Amino acid sequence: MSEAVESLNFIEHIVEEDLKNGYSTQDLRFRFPPEPNGYLHIGHASSICLNFGLGLRYNAPVNLRFDDTNPAKEEQEYVDAIKKDVEWLGFKWDTERYASDYFQQLYDWAIELIKQGKAYVDEQSSEVMAEQKGTPTQPGTNSPFRDRSIEENLAGFQKMKDGEFDEGTHVLRAKIDMSSSNMLMRDPIMYRVLHKVHHRTNTDWCIYPMYDWTHGESDYIEQVSHSFCTLEFAMHRELYDWFLDQVIDVKKLRPKQREFARRNLSHTVVSKRKLLQLVEQNVVTGWDDPRMSTLSGLRRRGYTPESIRNFVETIGIAKRDNLIDVSLLEFHVREHLNKISPRVMGVLDPVKVVITNYPEGEVEWLDTENNPEDSSAGTRQIPFSREIYIEKDDFKEEANRKFFRLKLGGEVRLKSGYIIKAESCTKDTDGNITEIQCTYDPKSKSGSGTEESLRKVKGTLHWVSVAHALQAEVRLYDRLFTDESPDTHKDKDFMEFINPDSLKVITGFLEPSLSGAKPGDRVQFQRLGYFCVDPDSTTEKLVFNKTVGLRDTWAKLQSK
RNA sequence: UGGCCUAUGGUGUAAUUGGCAACACAGCUGGUUUUGGUCCAGUCGUUCUAGGUUCGAGUCCUAGUAGGCCAACCA
């Protein structure tokens, strides 16, 4: 095996550089820090694969740390869902942490800051403070409470902690620089009063630390070497470093924050807030609706962890704006499913075919391979009889030479069965074809080795025996949004681009071998696409989700 | 009007750190095929602009242009 020249992304270059400049691999430690206020989506997969991938690469621990500093939005349900998703993607965290584990330490440090004159209690309303904050082009002005005594601040902070103040009346602020060109440095809030029940600390606290005060210090407590986040936090780095400077012990490792661009996926939204909106407004059935860009939605849709990891690998990590076409994600799921999915036959839009010269009442069990990509997958038997279903699209009374399917007077191969010839068809009063009459060549049976069976006919159709067909609910999905980038229009809300036809529920007719299919099972309906059994499925009523269609060059030709 | 970040084929990402611009997807041609799938072969097409440094610039410098981010008691 020749060692291919490894190409690293800029984050990996940073780590390599640090290793060259004195870090040892023992120093390396990473973390994935979700806020438990929603479900993970495909964008998080990039962050997960980045951090856990680095852990694997350097054999370094990776913590799963819940950034749970806002009890108003965070719930245990989300914690559970996030853990499930990370595991499903195939990663193992070193330790499970919570920012709330550090509330006491954070509080103690805050007292120190007050004692050093670097933090103060402000009693103004948020409106007034916002006004004093200035604008990006104009400096802010100091709060009248900025210079009160340390004793006063200590007492005020104590009262905040003791629950003597109402929400919104008092905050603890870092005393930095109200004229900084970085708005975040204009005396940022460290603590606010919140009389809310926290999912872990319950009512122990009624003051809660803000993100900036919490995140870097949590990294430091855990001795995380590299703290990666998305670009919108770039301006926070200065604050991250300032807060670190206040508590750092130079003998300990100093975490560094670096930022990368979030991945945008076309025809969807990749934002917890917007996904929550879809859930709350019942545009979808839940966080795990198969149309959602959540990991749980993709899982239910039939995506495999491998396919998502491969996708994330090829889209890489960088700092520029991007819009990745969903077709790349679809490529990766097809690539994996092609290798692992058993092939079966199902007809989703049926028209009946009667083989007039086939004996009435007779049933033949035909051998067919389970997966041409995997010879060890073996074969199974499928029933053939006088009446079968084929797809409506697979028959035309008249068609040109480019149409490789069934037409009057023409022949096709029935997959793993016989060659049939269309002789006539019947229609209802509206002109819809209701039945096709065919004859078959008894000597053309697949695999029989006869001269007739070896004949080349251009088309091969999938089919199911009418008498043996299993009926199943099949859910067909299309993109949730009609616009490739629904949430980037300045004058339009992303909800205006919702695709009204993103879900179509039909009844499909499937080969009987599918009768025992279990939720999560994945198959390829030949010539149609990849499908998986939905959790809603029961033994009485099978329910399939369409994961993704096969590449369809015929459809492409037709649309020209 | 301020600050920060970014700019490489249609899309995404590389380029041994200053040394022949490449990989994947998409597109197009053809071949194989009992899935119009898979697979195989071929093909199209790229460094935002203008200066500068250098034997040599996608890479460094300057200016410009374009896009993104920044004024929540959210993260």
Side-chain angles (χ1 to χ4, degrees), chain A residues 5-9 13 33-35 37 67-70 72-74 122 125-126 129-131 133-140 167-173 180-184 186 189-194 207-208 210-212 214-215 229-238 259 261 263 266 272-273 313-325 327-332 334-335 338-339 343 345 368-369 372-373 402-405 412-417 419 446-447 453-454 456-462 488 524-529 549-557:
Chain A
V5 184
E6 213 181 4
S7 81
L8 306 178
N9 63 48
H13 279 296
E35 182 190 9
N37 67 342
D67 231 326
D68 57 347
T69 56
N70 185 2
K73 289 182 177 174
E74 295 150 7
D122 202 329
S125 69
S126 57
M129 283 196 284
E131 242 169 77
K133 199 138 197 187
T135 69
T137 51
Q138 284 172 299
E167 289 185 11
T169 59
H170 291 67
V171 292
L172 184 73
R173 291 227 260 172
S180 171
S181 61
N182 183 350
M183 298 291 290
L184 293 161
R186 324 247 260 224
I189 294 172
M190 294 171 67
Y191 278 93
R192 75 282 214 194
V193 174
L194 244 33
I207 52 172
Y208 289 92
M210 300 290 288
Y211 167 85
D212 289 297
T214 308
H215 203 92
C229 60
T230 46
L231 240 30
E232 61 266 31
F233 289 96
M235 299 299 288
H236 292 247
R237 188 150 113 198
E238 192 179 355
E259 311 83 19
R263 261 66 265 279
S266 77
K272 275 193 280 190
R273 204 202 94 233
E313 179 67 27
T314 55
I315 64 177
I317 294 284
K319 293 185 80 164
R320 54 184 120 129
D321 287 344
N322 57 85
L323 180 63
I324 294 146
D325 203 297
S327 65
L328 186 56
L329 180 60
E330 292 173 344
F331 163 79
H332 282 285
R334 282 194 197 102
E335 180 189 46
N338 175 52
K339 291 191 190 110
R343 312 296 136 118
M345 291 202 278
T368 188
E369 57 187 342
E373 298 297 311
K402 289 279 186 82
F403 187 76
F404 303 158
R405 307 177 181 189
V412 291
R413 160 75 63 184
L414 292 175
K415 175 74 185 171
S416 300
I419 293 171
S446 286
S453 73
L454 268 17
K456 298 286 178 198
V457 286
K458 191 60 191 171
T460 299
L461 305 185
H462 62 278
T488 56
Q524 183 198 92
F525 289 170
Q526 285 188 105
R527 300 211 304 136
L528 297 176
L550 256 28
R551 236 179 111 231
D552 192 346
T553 48
W554 170 240
K556 210 176 287 169
L557 276 175

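Bear in mind the structure is a predicted one, so any value in this text is a computation, not a measurement. Below, chain A is the first sequence line, B the second, and so on; all start at residue 1.
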Quiz item: On a whole-Å scale, what distance lies between the C1' atoms belonging to B:rU32 and B:rU38?
Solution: 11 Å
Exercise. Tell me what A:Arg263 touches on the nucleic acid: a base, only sugar-phosphate, or nothing, going by heavy atoms under 4.0 Å.
Key: sugar-phosphate
Quiz item: Is A:Lys456 touching bases, backbone alone, or none of the nucleic acid, heavy atoms closer than 4.0 Å?
Solution: sugar-phosphate
Quiz item: How does protein reach along nucleotides 65-75 of chain B, written 5' to 3' as B (base within reach of a heavy atom under 4.0 Å), S (only sugar-phosphate), or - (no contact)?
Solution: --SS-SB-BSB
Quiz item: B:rC61 and B:rU54: how far apart are their C1' atoms, nearest whole angstrom?
Solution: 12 Å
Quiz item: Is the number of heavy atoms from other residues, nucleotides or ligands under 6.0 Å of A:Glu167 CD greater than 12?
Solution: yes
Quiz item: NA contact type, A:His332, heavy-atom cut-off 4.0 Å: base, sugar-phosphate, or nothing?
Solution: nothing
Quiz item: Taking for each residue the nucleotide of RNA chain B with the nearest heavy atom, is it A:Lys319 or A:Glu369 whose nucleotide lies nearer the 5' end?
Solution: A:Lys319
Exercise. May I ask you to evaluate whether A:Arg527 reaches the phosphate of B:rG36, defined as a side-chain N or O under 4.0 Å from OP1 or OP2?
Key: yes
Quiz item: For RNA chain B, which consecutive runs of 3 or more Watson-Crick or G-U pairs (each distance under 3.5 Å) count as stems?
Solution: B:2-7 with B:65-70, B:10-13 with B:22-25, B:27-31 with B:39-43, B:48-52 with B:60-64
Quiz item: Looking at A:His236, A:Arg237, A:Glu238, which hits side-chain hydrogen bond (donor to acceptor under 3.5 Å, both in side chains) with A:Asn182?
Solution: A:Glu238
Self-check item: Rounded C1' spacing from B:rG58 to B:rC20 in Å
Solution: 14 Å
Practice problem: For the side chain of A:Lys415, starting at C-beta, report the closest nucleotide among B:rU34, B:rA14, B:rG36. | Solution: B:rU34
Self-check item: Spacing of the P atoms in B:rA26 and B:rU65 (rounded, Å)
Solution: 39 Å
Exercise. Classify the nucleic acid contact of A:Leu461 as base, sugar-phosphate or nothing, counting any heavy atom under 4.0 Å across all strands shown.
Key: nothing
Quiz item: Nearest to the side chain of A:Glu373 - B:rG36, B:rU38, B:rA14?
Solution: B:rU38
Quiz prompt | Polar pair under 3.5 Å, donor/acceptor by atom type, side chain A:Gln138, base B:rU1 | solution = no
Exercise. Please work out if A:Ala234 contacts a base, only the sugar-phosphate, or nothing of the nucleic acid, heavy-atom cut-off 4.0 Å.
Key: nothing
Quiz item: Should A:Arg320 be listed as having a side-chain N or O under 4.0 Å from OP1 or OP2 of B:rG12?
Solution: no
Exercise. Report yes or no: do A:Asp325 and A:Ser327 form a side-chain donor-acceptor pair below 3.5 Å?
Key: yes
Quiz item: Base, sugar-phosphate, or nothing for A:Gly459, non-hydrogen atoms under 4.0 angstrom?
Solution: nothing
Quiz item: Among B:rG37, B:rC28, B:rU13, which is the nearest nucleotide to the side chain of A:Lys556?
Solution: B:rC28
Quiz item: Of A:Phe525 and A:Leu323, whose closest RNA chain B nucleotide lies nearer the 5' terminus?
Solution: A:Leu323
Exercise. Give A:Glu238 one of three labels, base, sugar-phosphate or nothing, depending on what nucleic acid heavy atoms sit under 4.0 Å from its own.
Key: nothing
Quiz item: Just wondering, are more than 12 heavy atoms of other shown residues or ligands nearer than 6.0 Å to CD in A:Glu313?
Solution: no
